[in-house]
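Below is one structure; the comments refer to it alone.
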Amino acid sequence: MSVSGQDLYGRLWRWQGRLAGTGQSVDDILWAMAFTGEPDRADLFIPPAEPWQLRIEARGGQHRSDVTRLRSATAPGVRVSEVDVDGRPGLLALPAEGHARRAVVCFGGSEGGYDSQRATICALASRGIVALAYDWLDADPEAVPVAGIPLERFATAISWLSRRTEVDSTTVAALGISRGAEGVAATLAREPDLPVGALVLLSPSSVTWQAIGDGGEIPDTSSWSYRGQSCSYAPLPSGVLMPQLISNAWHLSRDVARTKPTLLRLAPAYSAGLDTVSRNRSQTADAVIAWEKIACPILCVSGSDDHLWPSEQMADALLGRRGSQSDTHIRYDGAGHLLRPGLYPSQVQVVGGIDLGGQPREHGMACLALTAEITEFLDSTLA
């Protein structure tokens, strides 16, 4: 038997095997679907616009059956449309009933755009939550993704959503993943009066970081700016990434011959950066996000197998600084960096040559559980 389907970019993913009896879960087939192209071309699965079309082929003796099924995580009646958020692109998902007391603005990571958040906002809208995916990055493909980004963009998106007529309350929630979580948290620490009643941080950072490019850390450059001034940042120690870069370059021709991906694991550099912050607290104090200034409850979600940065450690640090009983930290053993609601193929956890980490099954099951966890948190905090 085989199950196959294409992602947003038309790349084919497939699972092949024998059914292990009637008790086998469809979930175990979906997370195990593998990229069918050359391994060095493999990249993270980005779900297509719904519904996702899956082709099922079954053979038994002389019999063969082929059927196409549509899989959708979006409830009937949910409306998704592109919107202009004060000059920047966004994607708005409205529940079937048209009005909701709860609303959330979603900020993706450094992958850019809003397509990575499409499934998230559809899942939330299916549960009665108005959801906005906001593109906070610049579109220039030659630019460093996260360098000098104005934090005002996050504030703009939150204010825009709170003014929508579909939202009955002036209080919204914010959800960020990875660098998006870093950016929205740094914004709320500077603008605590923004109408945010709950904050969800997936694979968060406890500090604002130095900008990083293809060649490693960028000297004297912060990831963020605020009111025209560069924000303080935790430095990535010079040369920490160089051994990996040299090793990858040395083995590049061999990897190409074997069609093997050449991956960069950033976690050692970020861990070294946190050590620098700990040793030089007087010099790096302003880089630590002032979490105690964020008035709303916070839900942190981390995976123990995060290869991009030590999100579990940073989530503990930021919540420890707050000491609030209304905060929650959910840890998923074996999950990697890119935690996103919904169940999709998780055999490949790579973006642009960056290793995200995560054991495929554990990561897939963590993402499957996320929608309910996030919805429950928003229900309890925004009620």
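No more than 12 heavy-atom neighbours from other residues, nucleotides or ligands sit within 6.0 angstrom of CD on Gln53.
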(request) Could you give me the CA-CA distance, side-chain angles and deciding distance for Ile177 and Gln117, then say whether side-chain contact (heavy atoms from CB on, under 4.5 Å) is met? (result) CA-CA 10 Å; Ile177 179 170; Gln117 297 302 299; 3.9 Å; yes

(request) Tell me, with the steps shown, if Tyr233 and Trp209 meet ring pair (Phe, Tyr, Trp, His ring centres under 6.0 Å). (result) CA-CA 5 Å; Tyr233 59 84; Trp209 286 103; 9.6 Å; no

(request) Before giving the answer on salt bridge (Lys or Arg N to Asp or Glu O under 4.0 Å), spell out for Asp138 and Arg88 the whole-Å C-alpha distance, their side-chain angles and the decisive distance to 0.1 Å. (result) CA-CA 9 Å; Asp138 294 320; Arg88 297 193 63 81; 3.7 Å; yes

(message) Show, in sequence, the C-alpha distance, side-chain angles and deciding distance for Ser222 and Thr208, and conclude whether the side-chain contact (heavy atoms from CB on, under 4.5 Å) test is met.
(response) CA-CA 8 Å; Ser222 174; Thr208 50; 5.7 Å; no

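Counting only residues at least two apart or in different chains, salt bridge (charged side-chain N to carboxylate O under 4.0 Å, His left out) contacts with residues 202-211 are absent. Within the structure, ring pair (Phe, Tyr, Trp, His ring centres under 6.0 Å) pairs that include any residue of residues 47-71 comprise Phe45-Trp52 (at least two apart or interchain). Counting only residues at least two apart or in different chains, salt bridge (charged side-chain N to carboxylate O under 4.0 Å, His left out) contacts with residues 330-354 comprise Glu312-Arg331, Asp316-Arg331. Listed by first and then second residue, the ring pair (Phe, Tyr, Trp, His ring centres under 6.0 Å) pairs involving residues 150-184 are Phe107-Phe154, Trp136-Phe154, Phe154-Trp224 (not counting sequence neighbours). Applying the salt bridge (charged side-chain N to carboxylate O under 4.0 Å, His left out) test to pairs two or more places apart or on separate chains, none has a residue in residues 276-287. Residue pairs meeting the salt bridge (charged side-chain N to carboxylate O under 4.0 Å, His left out) criterion with at least one partner in residues 356-371, sequence neighbours excluded, are Asp28-Arg361.
A side-chain donor-acceptor contact under 3.5 Å links Ser205 to the backbone of Val207. Between the side chain of Thr284 and the main chain of Val277, a donor-acceptor pair closer than 3.5 Å is present.
A heavy-atom distance below 4.5 Å is found between the side chains of Ile158 and Val184. Using a 4.5 Å cut-off on side-chain heavy atoms (C-beta onward), Ser203 and Leu308 make no contact. The shortest side-chain heavy-atom distance between Pro297 and Phe377 falls under the 4.5 Å cut-off.
Residue Leu91 is found in a hydrophobic cluster whose other members, listed by chain and number, are Val78, Val80, Tyr114, Ile121; membership requires side-chain heavy atoms under 4.5 Å apart, directly or through intermediates.
Partners of His363 according to the ring pair (Phe, Tyr, Trp, His ring centres under 6.0 Å) rule, which considers only residues two or more places apart in sequence or in another chain, do not exist here. Listed by chain and number, the residues in a ring pair (Phe, Tyr, Trp, His ring centres under 6.0 Å) with Tyr226 amount to none (sequence neighbours excluded). Considering only residues two or more places apart in sequence or on other chains, Ala173 meets the side-chain contact (heavy atoms from CB on, under 4.5 Å) condition with Val104, Ala198, Leu378, Leu382. Partners of Trp309 under the side-chain hydrogen bond (donor to acceptor under 3.5 Å, both in side chains) rule, at least two apart in sequence or in another chain, do not exist in this structure. For Ser116, the side-chain hydrogen bond (donor to acceptor under 3.5 Å, both in side chains) test picks out Glu111, with sequence neighbours left out.
A continuous path of Ile, Leu, Val, Met, Phe, Trp and Tyr side chains, each step under 4.5 Å between heavy atoms, connects Leu30 with Val67, placing both in one hydrophobic cluster. In the hydrophobic cluster analysis, where Ile, Leu, Val, Met, Phe, Trp and Tyr join through side-chain heavy atoms closer than 4.5 angstrom, Leu54 is grouped apart from Leu70.
Interatomic distance, Thr187 OG1 to Ile294 CD1, rounded to the nearest 0.5 Å: 9.0 Å. Taking CD1 of Ile354 as the reference point, atom OG of Ser110 lies at 8.5 Å (rounded to 0.5 Å).
Checking Ser311 against Asp306 by side-chain atom types alone, a donor-acceptor pair falls below 3.5 Å. Between the side chains of His307 and Asp305, at least one donor N or O sits under 3.5 Å from an acceptor N or O.
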